[in-house]
Amino acid sequence: MNPIFGHFDDPAREYVVTDPLPPLPWINYLGNTRLTAFVSQQAGGLVFHKEPLTRRISRYHYLPASQDQPGFYLYVKDHGTGALWNPHFGPTTTPLDSYQCRHGLGYTRFVAARDGVEVSLRLFIPPGDDVMLWDVSVTNKSNQVKKLTLSSYLEFGLLEFAREVFWCYLKNQIGFTYDAVENWIKYDYHVFQAPFTPAIFFSCTRQAVGFDTLRAAFCGRGGSLERPGALLGNGFSSSQIPAGGHGCGAIGVDLVLAPGATERFAYLLGVADDWRQAVDLKRKFSSIPAVDAAFASLQQEWERKTSLFQAKTGDADVDRFINVWNPLNCQVTLERTRDISTDHMGLDGMRYRDTMQDALAMANIDPEFAKERIRLIFAAQGSDGSGCFSFYPYAPKQRINEEPRRSDNTVWPIMTVANLVGETGDLSFFEERIPFRDGGEASVYEHILLGLEYIYARRGPHGLPFLAHADWNDGLAVFHDEMAESVMLGMQLVHAAKLFRDYAARLDRKKDVAWYDAVIAELDECLNAEPVWDGEWYCRLLLSNGLRIGSKTRPQGRIYLEPQVWSVISGVGREGRGRMAMDAAYEHLNTRRGLMIHTPPYTGIPNPDDPLTSNVPGTGENGSIFCHAMTWAIIAECMLGNGDRAFEYYRKLLPSLAAEEEGQAHWGREPYVFASSVVGPAQPGDFGKAGISWLTGTASWAYIAATQHILGIQPTMDGLQVKPCLPSHWSHVRVSRRFRGEVHQIEINNQTDSIRIDKLSHS
Ligand code: GLC
């Protein structure tokens, strides 16, 4: 028996979770790049402003593992039947007559019924305002009058997560009071030198009939969120805690519904700079038409993003990813980098290399947002050209993590910036001036140049860039050899140098063009020299003692995926070597779920010469199917003209298909967003199980692989280039692509190999 927890509703652009108990929380993100929340199929989740380390508004329990509690709860008390239930099933877990959790673009809607009462709870954050709206609609579907009490529940924490966890036991740094005039619960923050002291409120469009701001009062003596005393016992306590404590947002509403009647109201959580602005914000959303208008603006925003690229390939899974779910995944990944999910606790900042890659696809989908993030990344660069591992742009004082050391940080920017200016056609972005983290400033052009030179200047005896503990692959941790050289980074440097050289030529920087031509030629030689080419594939690392990682000579880690794909992307794999390398990858690394990152995985106690992968065999960077790296294999196969193999890899990557083929219970994760990795065959029982979902570089690169390589529609400075590489079984493809203000209707006939492009309209 293969349990099914949900399905796609393609016309509605929603994923419908139909069973509230999938193997793990299946979440969605809501937000406007400032106020952000995530919410699971049981309404577990949290909300924060800009970043979850110092601006975390509500609580979510992570230890020892995600408890998926608390969240954005709506309780329904039916006075006729005595039942207390949640439309999202938990935390009461009272059985429901029907339940659906509909995750959509920027919103999540629960629709559930019990004893003739149907409740819809739609959670979203509109693009223009820092307010989270809980849009509630209740319908009496029975033939009797229904008397109901509804209550919200949201648990507040200290804004600064580390302070909450380490120092502030009594929580007398936060106070919560209810103000009947504004009908809101006020959040007061009394932390000395707090980095962020906004005015935060929780309110309702209906006057409260009762409230609690103290968690213990809402739960009652011996009570809990599963059985809250406020709704099962003597009612709300009107608890207020100006002097601090564990705060919550419980606002009660009474409804009396005649048969067939519907009532709507909304809860709102708002964040403003001060209380005057907070009053304005609250009043702005005090009516249902305002809530509807806000939802309409959210839909328009997503329409703008998704209408950039709409494909009809004849394959429903491909279409729903290209048109809906991959853009959503890209937006969230660029917003959230690797900071918060049910797996990430929100301690990490933005990542130099990851965020730059996340901006790659968003450079097409939303170039302005991509630019905003690119500026933040360059502002974290040192004036010597160095990148860093992570940074906290919203921290009170500049905070940069240079550890762990990574050698690839500054190789990525040109890939993203080239795609961005290809999209906009505006070369002036290269001239924009951005500061360095240690003072001074430079143009975008110079930031990129310095970053590439930084890598070029740090090379080993074979002319290849130093690994510096690890490159893109975190699992290639070689701490014992400071002279270890990275083949992958060498190839990436060639690719980056080629892209950069083209823009240097366009910008008429002749000296740079000549220099990069020389660099490309030099590295190309080094990368095709004996120790790097292993006869059938490219090896991965050269160690200073002569050993090579990713070579036939090694018992473990004999072949790695990354140098094979980058040999093609960079063009280094000349004279048929690229094809040979990709065939070797197919032969040695391919599984029913796609390409392993290397094989055989490292087992047992690490040999002194082996990298410290820090993952058990078959997982993570130790022989899993690493989805991020697999996207490059799709691109490489397209560049080699092998559409069938590219599509085989793309298909294996698609989470909807993977979840179907492996079984939703075994796959475990959301079928609507990409996973970072999939357990490989070295773990036969777990083979095919998905790793972390949502926050993975897979999202951005999969979008590029599908739109720019399989469908082959690539924005360039010279216009929209169309060079598809389709699987042979596809017959017709239609794409609508907005490009620099014009909508291009592209029709590809795969049988006759012909392409028709109509510029239909101006937008
Ligand atoms: C994860 C990390 C990323 C790294 C990759 C490969 O996706 O977020 O930084 O490059 O793994 O190790």
Side-chain angles (χ1 to χ4, degrees), residues 329-330 332-341 343-361 373 377 380 387-391 401-413 415-416 455 465 467-479 486-489 491-492 540-541 549-550 557 560-563 565-566 589 594-598 601-602 611-616 618-633 653 655 669 673-680 690-702:
N329 204 165
C330 289
V332 167
T333 312
L334 182 59
E335 267 187 51
R336 299 286 28 107
T337 181
R338 305 294 173 269
D339 70 0
I340 200 147
S341 68
D343 301 293
H344 305 77
M345 283 175 65
L347 299 167
D348 210 352
M350 284 188 190
R351 297 266 188 86
Y352 201 94
R353 60 176 178 184
D354 288 308
T355 307
M356 193 53 99
Q357 292 172 78
D358 300 336
L360 177 68
R373 287 298 199 249
I377 300 167
C388 58
F389 185 70
S390 59
F391 58 100
N401 289 345
E402 290 185 75
E403 299 286 335
R405 277 171 62 199
R406 294 290 179 260
S407 51
D408 64 316
N409 290 322
T410 56
V411 84
W412 305 100
M415 303 182 208
T416 298
I455 299 173
L467 178 72
H469 293 187
D471 53 24
W472 167 84
N473 184 331
D474 290 329
L476 274 178
V478 176
F479 298 107
S486 165
V487 173
M488 176 187 188
L489 186 55
M491 292 170 170
Q492 290 184 302
R540 182 67 176 84
L541 295 181
I549 304 290
Y560 277 72
L561 178 58
E562 305 100 304
V565 296
W566 282 96
L589 300 173
L595 294 159
M596 292 178 285
I597 194 163
H598 68 243
Y602 298 94
L612 298 167
T613 68
S614 303
N615 285 288
V616 297
T619 70
E621 282 89 343
N622 190 11
S624 79
I625 292 124
F626 212 88
C627 303
H628 186 159
M630 230 176 104
T631 61
W632 300 324
L653 200 64
R669 298 283 177 161
V673 286
F674 288 100
S676 60
S677 62
V678 183
V679 178
I692 289 165
S693 56
W694 281 99
L695 305 184
T696 161
T698 314
S700 188
W701 281 102

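Just so you know, these numbers use all the heavy atoms, side chains as well, and skip hydrogens, waters and symmetry mates. For this chain, numbers begin at 1 and follow the sequence in order. Bear in mind that the values here come from a model prediction, so they are computed numbers and not experimental data. Every number for a ligand or one of its atoms is a count from 1 in the order of the listing.
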Looking at Trp566, Trp632, Tyr560, which one forms a ring pair (Phe, Tyr, Trp, His ring centres under 6.0 Å) with Trp472?
-> Trp632
Proximal protein residues to ligand 1, non-hydrogen atoms under 4.0 angstrom | Arg338, Arg351, Arg353, Asp354, Trp472, Asn473, Asp474, Glu621, Phe626
Side-chain donor-acceptor pair present, Thr631, Thr698, cut-off under 3.5 Å = no
Check Glu562, His598, Arg406 against Asn473 for a side-chain hydrogen bond (donor to acceptor under 3.5 Å, both in side chains) and give me the one that passes.
-> Glu562
Given Asp358, which of Arg338, Arg351, Arg373 fulfils the salt bridge (charged side-chain N to carboxylate O under 4.0 Å, His left out) condition?
-> Arg338
Pair Asp343 + Arg669: basic N to acidic O under 4.0 Å | yes
Taking all non-hydrogen atoms of both residues into account, name the closest pair between Met491 and Pro563 and its distance.
-> SD-O, 3.2 Å
